[in-house]
Amino acid sequence: MVELTVDLGADSYPILIGPGLLETLGGRLAGLVNGRRALVVSNATVWGLFGDVVTGSLTSAGFRTAFAPVPEGESAKSLASAARLYERAVAAGLDRGSPMVALGGGVVGDLAGFVAATYLRGVPFAQVPTTLLSQVDSSVGGKVAVNLPQGKNLVGAFYQPRLVLADTRTLATLPPGEVACGLAEIIKVAMIRDAAFFVWLEDNLARVVRLEQDALAEAVARACRLKAEIVARDEREQGERALLNFGHTFGHAVETLTGYSAYNHGQAVAMGMAAAARLAAETGLLAVDDARRLEELLTRAGLPVRLPADFGPAQYLDSMHRDKKVSGDEITLILPEVPGRGKIFRGFPEERLAAFLAVRLREGEKGGRG
């Protein structure tokens, strides 16, 4: 097991990474909260795989446990889903010391965390991520939110969990597309923060894709450590933490324009990273060869690198303007300078961005989703 700490003073919490950790959840959580009622939020698929283990662990530790089902997919991150979870929390008798447990991927974690942040003005919660994406990204850092039709994660909070418990054995149940989704976020953090990790991924990607335990544990731990260090220095994204949005401004536009149904989050972020790297190369910030290296790594991971050409530059820009990272109607972009270092550009010239999108989308029409 690898144990990391997100160092936020009184709000610090551990990240535990390793095989077979689900069985230990109850005992670990009992030492972190006062209440002995727990509401486990999950979808039917994940609950069918791991619900008995989690319930057994919580019950053995003295918790009275209730289950709150949520639909699968990004559409579950809605105010309507949050309202149903509030009702389940009331029915389960949760008080301010009773934890919510998010068992599943990023959708479950974001939704359950948002409800935990707002129910009774805040109850403790634990992140138990079961996908590669959620283990390396969404479970760490305390960003919780739901979507609106106008954009992704527009209603949310910064609310840290008491515990992140990432059992790497759960990843054996994932289809290849879900593994690729998580690899997008691993590649992201390496590209903007750790050149040595980027090279390691170039050399070891095939082993991670095959879910070889030693390579998988290394990738998850290194990605989590990098994110934990950034969050500890900038919890509320006033500066450095914005680097973690590399690929997300373009990617969130893709998700919004396609109704959160055509691409998963990792695919959208991969398209966004490839676009941002190409833009950085065209502006002379990033070497063309390094932009190609990123695209090649994403492609090897099974991820798309072209923006959907079903929408025009004006539609992309309109969606970007509704992104929560916009400040003073100015679009913020994260562009890489070299593998391992990114730069924050606030107020990127819109006419330059529109011209870039026009060219990039024409390329997409010729090359499809590749």
Side-chain angles (χ1 to χ4, degrees), residues 1-9 11-18 21 102 105-107 109-110 113 125-145 153 156-168 171 179 181-198 200-201 208 216-249 251-252 265-266 268-270 272-273 276 294 297 301 324-325 334 336 339-344:
M1 185 186 76
V2 174
E3 181 170 357
L4 308 172
T5 300
V6 181
D7 187 2
L8 294 169
D11 292 327
S12 297
Y13 54 93
I15 305 169
L16 308 180
I17 304 164
L21 291 178
V107 168
D110 283 4
F125 86 111
Q127 290 273 20
V128 186
T130 60
T131 66
L132 184 57
L133 174 65
S134 57
Q135 288 189 2
V136 301
D137 185 58
S138 59
S139 67
V140 179
K143 281 187 176 182
V144 296
N153 297 333
F158 290 96
Y159 192 68
Q160 303 298 338
R162 298 292 178 89
L163 168 70
V164 177
L165 187 145
D167 188 333
T168 52
L171 304 181
V179 175
C181 188
L183 284 170
E185 292 287 354
I186 292 174
I187 292 168
K188 175 202 76 176
V189 75
M191 186 67 183
I192 54 93
R193 202 65 192 171
D194 191 332
F197 187 26
F198 188 86
W200 184 91
L201 287 169
V208 179
L216 186 62
E218 173 115 357
V220 172
R222 288 177 79 160
C224 285
R225 183 176 289 109
L226 288 168
K227 183 166 185 182
E229 290 171 355
I230 292 172
V231 170
R233 289 191 292 267
D234 182 20
E235 179 184 3
R236 302 208 169 236
E237 201 172 300
Q238 300 302 303
E240 179 186 7
R241 185 170 177 172
L243 289 169
L244 294 171
N245 293 321
F246 173 49
H248 285 62
T249 302
H252 283 175
H265 179 68
V269 168
M273 286 191 286
L294 175 61
L297 191 58
K324 64 186 181 302
K325 295 179 289 298
I334 311 304
R341 187 172 74 240
K343 186 173 182 179
I344 302 168

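This one's a predicted model, so the numbers in the text were calculated from it and none came from an experiment.
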- Message: Quick check for you: to the nearest 0.5 Å, what is the distance between M191 atom CE and R341 atom CZ?
- Response: 11.0 Å

- Query: To the nearest 0.5 Å, what is the distance between CD1 (I192) and CG (L244)?
  - Reply: 5.0 Å

- In chain order, what residues pass the side-chain hydrogen bond (donor to acceptor under 3.5 Å, both in side chains) check against S139, with sequence neighbours excluded? none

- Message: For P161 versus V164, what's the shortest heavy-atom pair and its separation?
- Response: CG-CG2, 3.9 Å

- Item | side chain to side chain contact (heavy atoms under 4.5 Å, CB included) partners for A217, two or more places apart | none

- Would you please name every residue forming a side chain to side chain contact (heavy atoms under 4.5 Å, CB included) with V107, sequence neighbours left out? E74, A76, K77

Using residues 223-232 as the side-chain source, report each donor-acceptor pair under 3.5 Å to any protein atom, sequence neighbours left out, with the distance given to one decimal.
{"from": "K227", "atom 1": "NZ", "to": "D137", "atom 2": "O", "distance (Å)": "2.7"}
{"from": "K227", "atom 1": "NZ", "to": "D137", "atom 2": "OD1", "distance (Å)": "3.1"}
{"from": "K227", "atom 1": "NZ", "to": "V140", "atom 2": "O", "distance (Å)": "2.9"}

- Item | Residues R241, R236; criterion side chain to side chain contact (heavy atoms under 4.5 Å, CB included); working and verdict | CA-CA 8 Å; R241 185 170 177 172; R236 302 208 169 236; over 6 Å; no

- Message: Just so I know, are the side chains of T249 and I334 near enough to count as touching, which here means a heavy-atom distance under 4.5 Å?
- Response: no

- Task: Answer whether the closest heavy-atom distance between the side chains of D110 and S138 falls below 4.5 Å.
- Result: yes

- side chain to side chain contact (heavy atoms under 4.5 Å, CB included) partners of T130, counting only residues at least two apart: V46, F50, L103, T170

- Message: With heavy-atom distances below 4.5 Å as the criterion, would you say the side chains of I17 and M1 are in contact?
- Response: no

- Message: Any heavy-atom pair between the side chains of H252 and N153 that's under 4.5 Å?
- Response: yes

- Under the side-chain hydrogen bond (donor to acceptor under 3.5 Å, both in side chains) test, residues paired with Y13 that sit two or more places apart: Q160

- Using salt bridge (charged side-chain N to carboxylate O under 4.0 Å, His left out) as the criterion, list what pairs up with E218, not counting sequence neighbours. R222

- What heavy-atom pair brings A301 and L183 nearest, and what distance separates the two atoms? CB-CD1, 4.0 Å

- Task: Apply the test side chain to side chain contact (heavy atoms under 4.5 Å, CB included) to residues H265 and E185: give CA-CA distance (whole Å), side-chain angles for both, the deciding distance (0.1 Å), then the verdict.
- Result: CA-CA 9 Å; H265 179 68; E185 292 287 354; 3.1 Å; yes

- Please report the shortest heavy-atom distance between G109 and F125, naming the atom on each side. O-CE1, 4.5 Å

- Item | Partner set under side chain to side chain contact (heavy atoms under 4.5 Å, CB included) for A190, not counting sequence neighbours | F197, F198, L201

- Query: Can you list the residues that meet the side-chain hydrogen bond (donor to acceptor under 3.5 Å, both in side chains) rule with D167, with sequence neighbours excluded?
  - Reply: none

- Item | Distance in Å, Q127 CD paired with I15 CD1, rounded so as to fall on 0.5 Å steps | 10.5 Å

- Query: E237 versus F158: any side-chain heavy-atom pair under 4.5 Å?
  - Reply: yes

- Query: About how many Å separate CG of L297 and CE of M273, when rounded to the nearest 0.5 Å?
  - Reply: 8.5 Å

- Rounded to the nearest 0.5 angstrom, the CG-CG distance for L132 and L171 is 5.5 Å

- Message: For G266 versus A184, what's the shortest heavy-atom pair and its separation?
- Response: O-CB, 3.4 Å

- Item | Considering all heavy atoms, the nearest G239-I344 contact | O-CD1, 3.4 Å

- Task: May I ask you to test the P14-L163 pair for a side-chain heavy-atom distance under 4.5 Å?
- Result: yes

- Can you measure from CG (D11) to CD (E235) and round to the nearest 0.5 angstrom? 6.0 Å

- Note on the structure: Taking every heavy atom of G105 against every heavy atom of T131, the minimum-distance pair comes out as CA-OG1, 3.7 Å

- Message: Keeping Q135 on the side-chain end and P129 on the backbone end, is there a donor-acceptor pair under 3.5 Å?
- Response: yes

